[in-house]
Amino acid sequence: MNDELIYQEHLIPMTRQELIEHLRAALRDKRFEHVLRVEKTAIELAKQYGVDVEAASIAGLCHDYAKQRADEDFIKVIKAKKLDSDLLNYGNAIWHGFVGAEMVKDELGVHDEDILNAIRFHTTGAAYMTKLAQIIYMADYIEPGRDFPAVKKARKLTRQDLGAGVAYQTKHTLLYLIKNNAPIHPQTLATFNAWVPQYGKEID
């Protein structure tokens, strides 16, 4: 898929192939195939929007690194690193981003904060996101395996205007959470307030 990409920037202390093997061991097949598709989409968006391709590859591959870890693993890291105690009120959907970034740092040796923030924010978004963080947020949402009513428009908007894609995803995620009476992380609301009003009817 992106096998020709050779890591040269020392953003991670391993080759892409070694990272792939780590992920293959950490994830079930369906999730592993998802991260490969997210990487591919992230690289395409990085090339379009002038973002470092190697960073996009690493962030795309690592964004779900912790997705299938036990709850106890996340709780242990939250307490050991004295992360926001409010995280304990949530579950894997939130943890695998915020806490997963700490696992990527400690276990895979990634210390680039732009990459780590892209992993942290790929589910909730953030009021401020770099282009890389926006790309991973959107690549996870629009990768080719995704199939839901809003995805075609999300793909179109993202190719036209990355920020509009971010706003569109955020609005639809919030509507989905409300419809399903699911807890809403404060950062999702902050993302909504920062991104959605400026795009108006463009993202209806």
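Residues take their numbers from the sequence shown, with the count starting at 1.
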[X] versus [Y], closest heavy-atom pair with distance:
{"X": "Leu23", "Y": "Leu61", "result": "CD1-O, 3.4 Å"}
{"X": "Tyr49", "Y": "Arg159", "result": "OH-O, 3.4 Å"}
{"X": "Asp52", "Y": "Ala46", "result": "O-CB, 4.3 Å"}
{"X": "Gln187", "Y": "Ala126", "result": "NE2-CB, 3.7 Å"}
{"X": "Trp195", "Y": "Val166", "result": "CD2-CG1, 3.6 Å"}
{"X": "Tyr199", "Y": "Ala167", "result": "CD1-CB, 3.6 Å"}

Any [X] side-chain heavy atom under 4.5 Å of [Y] side chain:
{"X": "Ile135", "Y": "Thr41", "value": "no"}
{"X": "Glu143", "Y": "Lys40", "value": "no"}
{"X": "Val77", "Y": "Asp73", "value": "no"}
{"X": "Leu45", "Y": "Gln48", "value": "yes"}
{"X": "Met103", "Y": "Leu108", "value": "no"}
{"X": "Leu174", "Y": "Thr188", "value": "yes"}
{"X": "Tyr7", "Y": "Met14", "value": "no"}
{"X": "Ile20", "Y": "Thr15", "value": "no"}

- [ ] Dump the intermediate steps for side-chain contact (heavy atoms from CB on, under 4.5 Å) on Tyr168 and Glu202, then the final yes or no.
- [x] CA-CA 9 Å; Tyr168 186 79; Glu202 187 180 339; over 6 Å; no
Gap between atom [atom2] of [Y] and atom [atom1] of [X] - 0.5 Å precision:
{"X": "Leu116", "Y": "Ile119", "atom1": "CG", "atom2": "CD1", "result": "5.5 Å"}
{"X": "Leu11", "Y": "Leu19", "atom1": "CG", "atom2": "CG", "result": "11.5 Å"}
{"X": "Phe74", "Y": "Leu83", "atom1": "CZ", "atom2": "CG", "result": "12.0 Å"}
{"X": "Ile203", "Y": "Gln169", "atom1": "CD1", "atom2": "CD", "result": "11.5 Å"}
{"X": "Leu162", "Y": "Leu157", "atom1": "CG", "atom2": "CG", "result": "11.0 Å"}
{"X": "Leu132", "Y": "Thr130", "atom1": "CG", "atom2": "OG1", "result": "5.0 Å"}

Is it true that [X] and [Y] have a side-chain N and a carboxylate O under 4.0 angstrom from each other?
{"X": "Glu33", "Y": "Arg28", "answer": "no"}
{"X": "Lys105", "Y": "Asp112", "answer": "no"}
{"X": "Arg69", "Y": "Glu107", "answer": "yes"}
{"X": "Asp29", "Y": "Arg24", "answer": "no"}
{"X": "Arg16", "Y": "Glu39", "answer": "yes"}

ILVMFWY network linking [X] to [Y], side-chain heavy atoms under 4.5 angstrom:
{"X": "Leu87", "Y": "Ile184", "result": "no"}
{"X": "Val38", "Y": "Ile43", "result": "no"}
{"X": "Ile94", "Y": "Leu177", "result": "no"}
{"X": "Tyr128", "Y": "Phe121", "result": "no"}
{"X": "Val104", "Y": "Ile136", "result": "yes"}

Examine distances only and state if a side-chain atom of [X] and a backbone atom of [Y] form a donor-acceptor pair shorter than 3.5 Å.
{"X": "Trp95", "Y": "Gly100", "value": "no"}
{"X": "Asn92", "Y": "Lys67", "value": "yes"}
{"X": "Arg37", "Y": "Pro144", "value": "no"}

Does a side chain donor of either [X] or [Y] reach within less than 3.5 Å of an acceptor in the other side chain?
{"X": "Asn117", "Y": "Asp114", "answer": "no"}
{"X": "His96", "Y": "His63", "answer": "no"}
{"X": "Asp140", "Y": "His34", "answer": "yes"}

Counting only heavy atoms not in [X] (residues, nucleotides, ligands), do more than 12 fall under 6.0 Å from its [atom1]?
{"X": "Lys131", "atom1": "NZ", "value": "no"}
{"X": "Ile6", "atom1": "CD1", "value": "no"}
{"X": "Lys47", "atom1": "NZ", "value": "no"}
{"X": "Arg31", "atom1": "CZ", "value": "yes"}

Task: Arg120 and Glu102: CA distance, side-chain angles, deciding distance, salt bridge (Lys or Arg N to Asp or Glu O under 4.0 Å) verdict - done: CA-CA 9 Å; Arg120 285 186 185 104; Glu102 300 300 321; 3.1 Å; yes
Task: Sub-6.0 Å ring centroid separation between Tyr176 and Phe148 - done: no
Open item on the list: Quick check on the 6.0 Å ring-centre criterion: do Tyr141 and His172 meet it?
Closed with: no
Task: Test side-chain contact (heavy atoms from CB on, under 4.5 Å) applied to Lys81 and Asp106, step by step - done: CA-CA 11 Å; Lys81 296 210 167 197; Asp106 294 343; 2.8 Å; yes
Task: Partner of Tyr137 by side-chain hydrogen bond (donor to acceptor under 3.5 Å, both in side chains), out of Thr170, Thr123, Thr124, Thr158 - done: Thr170
